Q: 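Here you go, one structure.
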Amino acid sequence: MESGVQRLPFGMYAKFRGTIDMAEVAATEFVRQNTTIQVPRILDVIKEKDGKLFVVMSRLQGEPLGGRLQRMEQQSRIQFAVDLGDWLHQLRRFPPPSDAVSDFLGGPTLQFNVEMFKKVGPWTSIGDFHSYLLESVSTSSPFRKICHKSFEKPHRLVLTHGDLSPSNILIDEKDRLCGIVDFGSCGWLPEYWDYVTAMCCRDQVYPEWVEAFRTIFPGYDDDLEAQKLYWDDHNPYSFH
């Protein structure tokens, strides 16, 4: 049980040892109660002596998507994109509580594509968030020359999953979408964020994934181009 995530009997999971906080608990329950997205039900929240949470939740049916898009028939891949797009656009319909880029409750947010295992922010606006990204790169970074193509757009602030990956999306035995898990990076972020973070490290190796997300989120390739240059300069997956 060292990972902080443990499968339990009777169709349950536990998250603990700092792998979950109240923002994730609140986001998960908000999504469950206000959308048709299939997410775990929070069953119990226990605050331990060190202040960290021990959270018990329901286990969803299905298995992680992994590389199965590569083996699906074309029609199944099309249906996957339609279903996932419907779910993700449901998240984006909620008005943000403020202009702040933050976690679901307005606090610092865990964004692996900015810093690994370290919460950052919150920022008072999308503009302040963009300024933080600029300050994080070297003065010679090509990101500085091209980021205006993304940053000058009038982006909306939307509810964002923040960590869409093949391991956090579940499908059933018929290749139908049946769940999304791990809302630890969920928060209020620029509208392009779920697209660019989903593409990180996958746009050259998983063409079926790329096809699905370009269908779901058209019009964000300038933002992706800028973020790839950011990652080239400020690699969040290096340990520093």
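What you are looking at is a predicted structure, and each value in this text was computed from that prediction instead of being measured.
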Q: Taking side chain as C-beta onward, heavy atoms only, is Glu211 less than 4.5 Å from Leu69?
A: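 Side chain of Glu211 against side chain of Leu69, heavy atoms only: no contact under 4.5 Å found.
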Q: Roughly how far, to the nearest 0.5 Å, is the CG atom of Leu91 from the OG1 atom of Thr35?
A: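 Answer for the OG1-CG pair, Thr35 versus Leu91, is 6.5 Å.
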Q: I'd like to know if the side chain of Arg59 and the backbone of Arg7 have a donor-acceptor N/O pair within less than 3.5 Å.
A: no
Q: Closest heavy-atom contact between Gln90 and Ile37?
A: OE1-N, 4.4 Å
Q: If you draw a 6.0 Å radius around CD in Gln33, do more than 12 non-hydrogen atoms from other residues or ligands fall strictly inside?
A: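 Counting neighbours around CD of Gln33, more than 12 heavy atoms of other residues, nucleotides or ligands fall under 6.0 Å, so yes.
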Q: For Ile42, is there any backbone N or O sitting under 3.5 Å from a side-chain donor or acceptor partner on Glu29?
A: yes
Q: Measure the shortest side-chain to side-chain distance between Phe217 and Arg92 over non-hydrogen atoms and say whether it is less than 4.5 angstrom.
A: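 Heavy-atom side-chain distance check passes, below 4.5 Å.
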Q: Judged by modelled atom types alone, do His161 and Asn168 share a side-chain donor-acceptor pair under 3.5 Å?
A: no
Q: State whether a side-chain donor-acceptor pair under 3.5 Å links Gln227 with Asp223.
A: no
Q: Between atom CZ of Arg77 and atom OG1 of Thr215, what is the distance when rounded to the nearest 0.5 Å?
A: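 The distance works out to 11.0 Å.
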Q: Have Thr197 and Asn113 got a donor and an acceptor in their side chains that come within less than 3.5 Å?
A: no
Q: What's the separation between atom CD in Gln38 and atom CH2 in Trp87, rounded to the nearest 0.5 Å?
A: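 Gln38 atom CD to Trp87 atom CH2 measures 5.5 Å (nearest 0.5 Å).
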Q: Before we go on, tell me: are the rings of Phe94 and Phe30 under 6.0 Å apart, centre to centre?
A: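 Yes; Phe30 has its ring centre under 6.0 Å from that of Phe94.
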Q: If you take all heavy atoms of Ala14 and Phe54, which pair is closest and at what distance?
A: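 Scanning both residues completely, I find the closest heavy atoms to be CB-CZ, 3.8 Å.
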Q: Would you check if Asp86 and Thr36 make a side-chain contact, meaning some heavy-atom pair closer than 4.5 Å?
A: yes
Q: Working to the nearest 0.5 angstrom, can you tell me the gap between Glu191 CD and Tyr220 OH?
A: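 It comes to 3.5 Å.
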Q: Test of understanding: clusters of I, L, V, M, F, W, Y form through side-chain heavy atoms closer than 4.5 Å, transitively. Do Tyr206 and Ile78 belong to the same one?
A: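 They do not share one cluster, since no chain of ILVMFWY contacts under 4.5 Å joins Tyr206 to Ile78.
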Q: Which heavy atom in Arg144 sits nearest to a heavy atom in Leu134, and how many Å separate them?
A: NH2-O, 2.9 Å
Q: Please determine whether the number of non-hydrogen atoms from other residues, nucleotides or ligands lying under 6.0 Å from atom CZ of Arg41 exceeds 12.
A: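 Check fails, neighbour count at 12 or below.
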Q: Considering non-hydrogen atoms only, spot the tightest contact between Leu65 and Met72 and give its length.
A: CD1-CE, 4.0 Å
Q: Run the side-chain contact (heavy atoms from CB on, under 4.5 Å) check on Asp163 and Leu110 step by step: do they pass?
A: CA-CA 9 Å; Asp163 189 21; Leu110 184 64; over 6 Å; no
Q: Might you point out which heavy atoms bring Ala198 and Phe213 nearest each other, and give the distance in Å?
A: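 Looking at all heavy atoms of both residues, the closest pair is CB-CE2, 3.7 Å.
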Q: Any side-chain heavy atom of Leu164 sitting closer than 4.5 Å to one from Leu88?
A: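 Yes, their side chains come closer than 4.5 Å.
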Q: Would you say Asp99 has more than 12 foreign heavy atoms packed within less than 6.0 Å of its CG?
A: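 Open: at most 12 neighbouring heavy atoms sit under 6.0 Å from CG of Asp99.
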Q: Stepwise, does the side-chain contact (heavy atoms from CB on, under 4.5 Å) test hold for Leu53 with Glu24?
A: CA-CA 11 Å; Leu53 302 183; Glu24 180 176 353; over 6 Å; no
Q: Using a 4.5 Å cut-off on heavy atoms from C-beta on, say whether the side chain of Arg176 contacts that of Gln79.
A: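 Heavy-atom side-chain distance check passes, below 4.5 Å.
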Q: Looking at Ser141 and Asp233, would you say the former's side chain and the latter's main chain have a donor-acceptor pair under 3.5 Å?
A: no
Q: Between Asp222 and Lys153, does at least one N-O distance fall below 4.0 Å, as a salt bridge requires?
A: yes
Q: As a quick check of understanding, evaluate side-chain contact (heavy atoms from CB on, under 4.5 Å) for Thr109 and Ser102, giving each step before the final call.
A: CA-CA 5 Å; Thr109 178; Ser102 68; 5.7 Å; no
Q: For Ser136 and Tyr230, work out which heavy atoms get closest and say how close.
A: CB-OH, 3.7 Å
Q: Any donor-acceptor pair under 3.5 Å linking the side chain of Trp188 with the backbone of Thr160?
A: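 No, because the side chain of Trp188 does not come within donor-acceptor range (under 3.5 Å) of the backbone of Thr160.
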Q: Count I, L, V, M, F, W, Y as connected when their side-chain heavy atoms are under 4.5 Å apart, and connections chain through other members. Are Ile216 and Tyr192 then in the same cluster?
A: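 Same cluster: Ile216 reaches Tyr192 through Ile, Leu, Val, Met, Phe, Trp or Tyr contacts under 4.5 Å.
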Q: Show your working on side-chain contact (heavy atoms from CB on, under 4.5 Å) between Leu170 and Val181 and close with a plain yes or no.
A: CA-CA 8 Å; Leu170 307 182; Val181 298; 4.0 Å; yes
Q: Can you find a side-chain donor-acceptor pair between Tyr195 and Arg214 that sits under 3.5 Å?
A: yes
Q: A side-chain contact here means heavy atoms from C-beta on lying under 4.5 Å apart; do Pro40 and Tyr13 qualify?
A: no
Q: Between Glu63 and Arg68, does any NZ, NE, NH1 or NH2 come within less than 4.0 Å of an OD or OE carboxylate oxygen?
A: no
Q: Strictly distance-based, threshold 3.5 Å: is any side-chain N or O of Gln61 a donor or acceptor partner for the main-chain N or O of Cys178?
A: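 Not a single qualifying donor-acceptor pair exists.
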Q: Mind telling me whether His155 and His130 have parallel, tilted or perpendicular rings, with 30° and 60° as the class edges?
A: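 If you compare the ring of His130 with that of His155, the planes turn out perpendicular.
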Q: Do you reckon Val120 sits in the same ILVMFWY cluster as Leu133, going by side-chain contacts under 4.5 Å, direct or chained?
A: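 Hydrophobic grouping puts Val120 with Leu133.
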Q: Is there a path of hydrophobic side-chain contacts, each under 4.5 Å between heavy atoms of I, L, V, M, F, W or Y residues, that connects Val114 with Val101?
A: yes
Q: Is there a path of hydrophobic side-chain contacts, each under 4.5 Å between heavy atoms of I, L, V, M, F, W or Y residues, that connects Val5 with Val55?
A: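 In one cluster with Val5: Val55, yes.
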